[in-house]
There are 2 protein chains.
Amino acid sequence: MSETKDRPYHHGDLRRALICTALDMLAADQNWTFTLREVARRTGVSHAAPYKHFQDREMLLRELARIGFVRLGEAMTGAMSSDAPSTRAQFTAAAQACIGFACHNPGLYRLMFSSDADKTIDPPLHDAAMATFGILLRLLENGQRDGSFRPVAISAQAAASWAQVHGLAMLAISHQLLEEKVGPAPIPAALDVLLDGMCRNA
Amino acid sequence: MSETKDRPYHHGDLRRALICTALDMLAADQNWTFTLREVARRTGVSHAAPYKHFQDREMLLRELARIGFVRLGEAMTGAMSSDAPSTRAQFTAAAQACIGFACHNPGLYRLMFSSDADKTIDPPLHDAAMATFGILLRLLENGQRDGSFRPVAISAQAAASWAQVHGLAMLAISHQLLEEKVGPAPIPAALDVLLDGMCRNA
DNA sequence: TCCTCCATGTTTACAGGAGAAACTTATGCA
DNA sequence: TGCATAAGTTTCTCCTGTAAACATGGAGGA
C-alpha cells in the first residue's frame with residue numbers, strides 16, 4: 001500500500017474522475033451494468049465516496065448521458081462546418097457524424113436514449129438533448145430558406161429526419177444492418193431515400 | 001399458510017407462469033430492472049425455481065424479447081390485412097401498428113432492441129426478429145411490383161423505412177416527440193415525408 | 001402393484017452491491 | 001487561531017444472483 005502516501009485524503013476532483021472512469025467502463029463493455037462500487041474502486045476511493053457527488057447510481061448515468069449529448073452535438077457541428085457544397089450534403093454529413101458517433105460510442109449512445117436517462121426529471125439532461133436536436137432543426141430551416149428543401153411543415157421534416165438518423169444509428173449498433181438484408185451501404189442509401197422525399201430536385 | 005395446501009409441489013407450467021409475471025412487471029414499470037427473485041416471489045415459487053427453466057436472468061429477458069417480436073409481427077400483419085386501398089396505405093398502417101405497439105409496450109419494445117436482447121447468442125430470438133423484418137421487406141417488394149414504389153434497390157428502401165419506423169417508435173416512447181418541436185401529429189407527417197421519397201407519384 | 005428415476009421444486013449458503021449512518025480529515029474563512 | 005463544513009472512510013443492513021444439496025411426486029418398467 002505504498003500509494004496511501006501518494007494520495008491525499010481529499011481527491012481534488014473526484015466528481016470528474018468518477019465520470020471519466022464510468023465513461024471508460026461504458027466504452028469498454030458497451031453497457032452500463034457497471035456497479036458504482038467498481039467505479040469507486042477503479043478511481044481509488046471508498047465505495048461510499050461517489051455518494052458525495054451523485055445522489056445515486058442513476059444520477060451518474062444521467063450525467064454521462066448529458067455529456068454524451070454535448071459530445072454528439074460537437075461531432076455533428078464539426079461535420080457540418082466542413083465546407084459542404086449544398087445543404088443536402090451538409091445534412092448527410094451531420095447524419096453520418098451522428099451515426100458514426102453512435103458506432104464509436106455504442107454504450108453511451110444507447111444510454112442517452114434509454115429509460116435510465118430520464119429527461120423528464122433532469123433539466124440539464126433535457127436541455128442538452130434539446131440543444132442537439134436544435135442543430136438538426138436549424139439545418140432544415142436553412143435548407144428551406146435556400147430552397148433546396150421542400151417547403152413542407154418543418155416539424156414533419158424534423159420528425160422524419162430525426163427518426164431516420166436515430167433509427168439508423170440504433171440499428172447499426174445493434175448489428176441489425178446486415179448486408180444480406182439491407183445491402184452493402186445501407187446508411188447513405190437510406191439517407192438518400194429520405195432526402196429524395198425532402199429535397200426539391202428529387 | 002393455508003395456500004400451502006392449494007398449490008401442489010409441482011407447478012405444472014412454471015415456465016409460462018414466470019414469463020407472464022415478468023411481462024406484467026415489464027409492462028408495469030416500463031423497464032426490466034425487476035429481479036428474478038421478485039418474479040419468483042410473485043409467481044408464488046421459491047427464488048431458485050426459475051433456474052430450472054432459465055439458465056440465468058438474461059435468458060429470461062431474451063425470451064421476453066422473442067415473444068415481443070412475435071407479437072409485434074402479429075400486430076403489423078393484422079394492421080396490413082385490413083383492406084387498404086393501396087400499398088402505400090398498407091405501409092402506413094403497418095408502420096403505425098409498429099409504433100402503436102411500442103407505445104403500448106414501451107418496456108418490452110425497448111428490451112427487444114436493447115443489448116440485453118443479444119440476438120447473436122440466441123438463434124430463436126434472432127429468427128423472430130428477422131421474421132418480423134421480413135414483413136416489411138415483403139411489403140416493399142409488393143410495392144415495387146405493383147408499381148407504386150420507385151424501383152430503387154430494395155435494400156435501401158428497407159433500411160430507410162425500418163430505421164424510420166424504429167426511430168419514430170423509440171422517440172415516441174422516450175417522449176421526445178414534443179409538439180413544440182415536431183408538430184401535433186409527427187408520426188403520420190414523418191411517414192409521409194419518407195413515403196414521398198419512396199413512392200412514384202410524389 | 002410397487003419401486004425407482006428424474007424433472008421440478010425447496011432450502012441453505014455465499015459473494016457481492018446499493019445505500020444509510022456515523023465517524024474522520026483537511027480546508028477555507030472569520 | 002479555530003471552527004464549520006465539504007469530502008472522504010468505515011460499518012452496517014438488506015437485497016440480489018447463483019450454486020449446491022436436498023425433497024417431492026409423477027411416469028414407466030419389473
Side-chain angles (χ1 to χ4, degrees), chain A residues 1-22 24-26 28-29 31-64 111 114-118 121-122, chain B residues 1-22 24-26 28-29 31-65 107 111 114-118 121-122:
Chain A
M1 317 308 181
S2 60
E3 54 177 290
T4 314
K5 233 1 174 329
D6 310 353
R7 187 172 55 83
Y9 188 91
H10 287 286
H11 182 284
D13 201 359
L14 182 55
R15 184 187 162 84
R16 185 178 308 273
L18 290 168
I19 290 172
C20 286
T21 306
D24 285 350
M25 297 180 70
L26 186 54
D29 35 325
N31 63 39
W32 52 101
T33 53
F34 57 74
T35 66
L36 210 43
R37 284 170 111 99
E38 178 70 16
V39 174
R41 208 174 295 137
R42 292 205 194 187
T43 312
V45 296
S46 83
H47 64 85
Y51 288 94
K52 299 292 173 180
H53 299 274
F54 302 98
Q55 209 166 39
D56 57 15
R57 186 174 168 278
E58 301 231 322
M59 186 171 163
L60 169 60
L61 293 179
R62 287 197 300 272
E63 174 62 11
L64 299 184
L111 171 59
S114 81
S115 58
D116 283 331
D118 187 351
I121 60 171
D122 193 319
Chain B
M1 314 310 180
S2 61
E3 52 177 293
T4 316
K5 237 352 176 335
D6 311 354
R7 186 172 53 83
Y9 189 91
H10 289 285
H11 182 285
D13 200 359
L14 183 55
R15 183 188 163 85
R16 184 177 309 274
L18 290 169
I19 289 172
C20 287
T21 306
D24 285 350
M25 297 181 70
L26 185 53
D29 37 323
N31 63 38
W32 53 99
T33 53
F34 60 74
T35 66
L36 210 43
R37 282 172 112 100
E38 178 70 15
V39 173
R41 210 172 294 139
R42 292 207 195 187
T43 313
V45 93
S46 84
H47 63 85
Y51 287 92
K52 300 292 172 179
H53 299 273
F54 302 98
Q55 211 165 37
D56 56 16
R57 187 174 168 279
E58 301 231 322
M59 186 171 164
L60 170 59
L61 292 179
R62 287 196 300 273
E63 174 61 10
L64 299 184
L111 171 60
S114 80
S115 58
D116 283 331
D118 187 351
I121 60 171
D122 193 318

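Here is how names work: the chains are called A, B, and so on, in the same order as the sequence lines, proteins then strands, and each is numbered from 1. Basis for what follows: all heavy atoms, side chains included, without hydrogens, waters or symmetry-related copies.
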Note, [X] side chain near [Y] side chain (heavy atom, < 4.5 Å):
X	Y	result
B:H47	B:L36	no
B:F54	B:R15	yes
B:L61	B:F34	yes
A:E63	A:I19	yes

Measure from [atom1] on [X] to [atom2] on [N] and round the result to the nearest Å.
X	N	atom1	atom2	result
B:R42	D:dT16	CZ	P	12 Å
B:F34	D:dG17	CZ	C1'	14 Å
A:D13	D:dA7	CG	P	10 Å
B:Y51	C:dT11	OH	P	17 Å
A:F54	D:dA7	CZ	P	12 Å
A:R16	D:dA7	CZ	P	14 Å

What does [X] touch in the nucleic acid at a heavy-atom separation under 4.0 angstrom: a base, only the sugar-phosphate, or nothing?
X	result
A:T35	sugar-phosphate
B:R41	sugar-phosphate
A:H53	sugar-phosphate

For the helix from C:dT1-D:dA30 to C:dA30-D:dT1, what is the angle between the axes at its two ends, each from 5 pairs, rounded to 10°?
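Axis angle across the helix from C:dT1-D:dA30 to C:dA30-D:dT1, nearest 10°: 0°.
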Between A:T43 (side chain only) and A:V45 (backbone N and O only), is there a donor and an acceptor less than 3.5 Å apart?
no
Give me each pair satisfying salt bridge (charged side-chain N to carboxylate O under 4.0 Å, His left out) with a member in residues 33-43 of chain B, each pair once, sequence neighbours excluded.
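Qualifying pairs, neighbours excluded: B:E38-B:R41, B:E38-B:R42.
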Which nucleotide wins on minimum distance to the side chain of [X], given the candidates [options]?
X	options	value
B:R37	D:dT18, C:dA18, C:dG9	D:dT18
B:V45	C:dG9, C:dA18, D:dT9	C:dG9
A:A48	C:dT10, D:dT18, C:dA20	C:dA20

With a 3.5 Å cut-off and just heavy-atom distances, do the side chain of B:H47 and the base of C:dT11 make a donor-acceptor pair?
no
So, under a plain 3.5 Å distance rule, would you say the side chain of B:R57 forms a donor-acceptor pair with the base of D:dT16?
no
Determine, stepwise, if the pair A:R57 / A:L60 fulfils side chain to side chain contact (heavy atoms under 4.5 Å, CB included).
CA-CA 5 Å; A:R57 186 174 168 278; A:L60 169 60; 5.8 Å; no
So which one's nearest nucleotide on DNA chain C is more toward 5', A:L36 or B:L14?
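Mapping each residue to its closest nucleotide by heavy atoms, the 5'-most match is B:L14.
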